[in-house]
Amino acid sequence: MNIAQLKKVLFKQATIFETGGYRPTEELGESWIGKVMWGKEENIPSQYEPLSTIFLNNLPYVPEELENIQLITIYMDFNVYDHLNDDNLAPFFIINCYTSFNGLQKINNQSARIKSFPLQPRLVKNDTPAWDSEDIETEVQDEILRLELEEDIEYYDDIVEDIYPMHKIGGYPTYTQSGVSYGEEYPFVFQISSDPKAQFNIVDSGSFYFFFNQRKQDWIVYCDFY
């Protein structure tokens, strides 16, 4: 395989989110960091703070595992930072998935620790996996190593076109330790990342990665950072 063929094999589509930069509308369909703008009135335990509102209905790309979901709202227990070595951080998150807009209300729950901003979606078609992750097939990895040896290429210089370490739906986790994989039953579907504008830092510019089992309607959440 040559570089062009490797890119074709590796590249995935994703929706990335740019924070702020325009006047918010607070209307249905607008995603947020630091705020749960829309949802249903629910009894959320006091230790969970609003983290994000993600509307999926009008995004340029959504992974098939989430195609029947219109809105995801996320609350986070900041005690998660004392448990980052746990196998699954999902107990520190409340993840609400809505399949329709029926009954949604503007609830405008804002985090006391994160500066809230609207999120502007943008389609990318060249998201690529981290080299040390489990997202590159062994045969493809062998081809890359062959080209590095024979043609003196570098994975990050010659194959990767851009890195997207921001809030993202689809594509690949920006960075995970070698060996981290939850199998085909729990594919990666989105990440919430450190966001300087929102004054939200996950340890060291890291991210929370969300893996979803569509059949079980079950989540695994993992954290990693550079």
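When hydrophobic clusters are built by joining Ile, Leu, Val, Met, Phe, Trp and Tyr residues whose side-chain heavy atoms come closer than 4.5 Å, directly or via intermediates, L84 is not grouped with I220. Cluster annotation: F208 and F92 are assigned to the same hydrophobic cluster (Ile/Leu/Val/Met/Phe/Trp/Tyr, side-chain heavy-atom contacts under 4.5 Å, transitive). Follow the hydrophobic side-chain contacts under 4.5 Å out from I95 and you never reach Y222; the two are in separate clusters. Using a 4.5 Å cut-off between side-chain heavy atoms of Ile, Leu, Val, Met, Phe, Trp and Tyr, with links allowed through other members, I192 and F212 fall into the same hydrophobic cluster. Transitive grouping of hydrophobic side chains (ILVMFWY, heavy atoms separated by less than 4.5 Å) brings V9 and I159 into a common cluster.
Here the shortest heavy-atom pairing between S111 and P50 reads CB-O, 3.2 Å. In plain terms, the two heavy atoms of S193 and P165 that are nearest each other are CB-O, 3.7 Å. Nearest heavy atoms, N213 versus K216: OD1-N, 2.8 Å. What you find for K115 and Q199 is that their closest heavy atoms are CD-NE2, 4.1 Å. For the pair T99 and Q70, the tightest heavy-atom approach, listed with the atom from each and the gap, is O-CG, 3.1 Å.
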Kindly determine whether I107 and I44 satisfy side chain to side chain contact (heavy atoms under 4.5 Å, CB included), including the steps that lead there. CA-CA 12 Å; I107 56 178; I44 304 294; over 6 Å; no
Working for side chain to side chain contact (heavy atoms under 4.5 Å, CB included), residues Y75 and V36: CA-CA 8 Å; Y75 294 81; V36 172; 3.5 Å; yes
Could you go step by step and tell me if I114 and L51 meet the side chain to side chain contact (heavy atoms under 4.5 Å, CB included) rule? CA-CA 8 Å; I114 305 172; L51 177 61; 3.7 Å; yes
Between I74 and F190, is the side chain to side chain contact (heavy atoms under 4.5 Å, CB included) condition met? List the steps. CA-CA 12 Å; I74 308 166; F190 71 87; 3.6 Å; yes
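Put simply, the side chain of E18 never gets that close to the backbone of R122: no donor and acceptor are under 3.5 Å apart. The backbone N or O of E26 lies less than 3.5 Å from a partner atom in the side chain of W38, making a donor-acceptor pair. Q191 contributes no side-chain N or O that, together with a main-chain N or O of S207, makes up a donor-acceptor pair within less than 3.5 Å. The main-chain N or O of Q5 is found under 3.5 Å from a side-chain atom of N2 such that the two form a donor-acceptor pair. Proximity of a side-chain donor or acceptor of Q217 to a complementary backbone N or O of Q214 within less than 3.5 Å is detected. Between the side chain of S116 and the backbone N or O of I33, no donor-acceptor pair lies under 3.5 Å. Remark: the backbone N or O of V203 is paired with a side-chain donor or acceptor of N201 at under 3.5 angstrom.
Here the CZ-CH2 distance, from F117 to W32, works out to 9.0 Å after rounding to the nearest 0.5 Å. For the atom pair D135 CG and K12 NZ, the distance stands at 6.5 Å (nearest 0.5 Å). A distance of 10.5 Å separates OG of S205 from CG of D195, quoted to the nearest 0.5 Å. Rounding to the nearest 0.5 Å gives a distance of 7.0 Å between CG of L6 and CD1 of I153. Atom CD1 of I136 and atom CD of E139 lie 12.0 Å apart (nearest 0.5 Å). The distance from atom CD of Q141 to atom CD of E143, rounded to the nearest 0.5 Å, is 11.5 Å.
For E64, the CD atom is loosely surrounded, since the number of other residues' heavy atoms within 6.0 Å does not exceed 12. Within a 6.0 Å radius of NZ in K7, other residues, nucleotides and ligands contribute more than 12 heavy atoms. For D82, the CG atom counts as densely surrounded, since its 6.0 Å shell holds more than 12 non-hydrogen atoms of other residues, nucleotides or ligands. Atom CD of E137 has 12 or fewer heavy atoms from other residues, nucleotides or ligands within 6.0 Å. Around atom NZ of K106, more than 12 heavy atoms belonging to other residues, nucleotides or ligands sit under 6.0 Å away. Around CG of D152, the count of heavy atoms belonging to other residues, nucleotides or ligands within 6.0 Å does not exceed 12.
A 4.5 Å side-chain heavy-atom check between D142 and T138 finds at least one atom pair inside the cut-off. For the pair I72 and N96, the minimum side-chain heavy-atom distance is 4.5 Å or more. F17 places a side-chain heavy atom less than 4.5 Å from the side chain of I169. Using a 4.5 Å heavy-atom threshold, the side chains of V140 and L10 count as touching. Here the side chains of D127 and F11 are not in contact, with every heavy-atom distance at 4.5 Å or above. A heavy-atom distance below 4.5 Å is not found between the side chains of C97 and L66. In this structure the side chain of L89 reaches within 4.5 angstrom of the side chain of C223, judged on heavy atoms.
For residues 133-173, the set of pairs meeting the ring-ring contact (aromatic ring centres under 6.0 Å, His included) definition, not counting sequence neighbours, comprises W131-Y155.
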Donor-acceptor contacts under 3.5 Å from residues 177-189 side chains, at least two apart:
| unit_1 | atom_1 | unit_2 | atom_2 | d |
| --- | --- | --- | --- | --- |
| Q177 | NE2 | D224 | OD1 | 3.4 |
| S181 | OG | G183 | N | 3.4 |
| Y186 | OH | D218 | OD2 | 2.5 |

Without placing hydrogens or testing angles, list every side-chain donor-acceptor pair under 3.5 Å for residues 53-61, not counting sequence neighbours.
| unit_1 | atom_1 | unit_2 | atom_2 | d |
| --- | --- | --- | --- | --- |
| T53 | OG1 | K35 | O | 2.7 |
| T53 | OG1 | M37 | N | 2.9 |

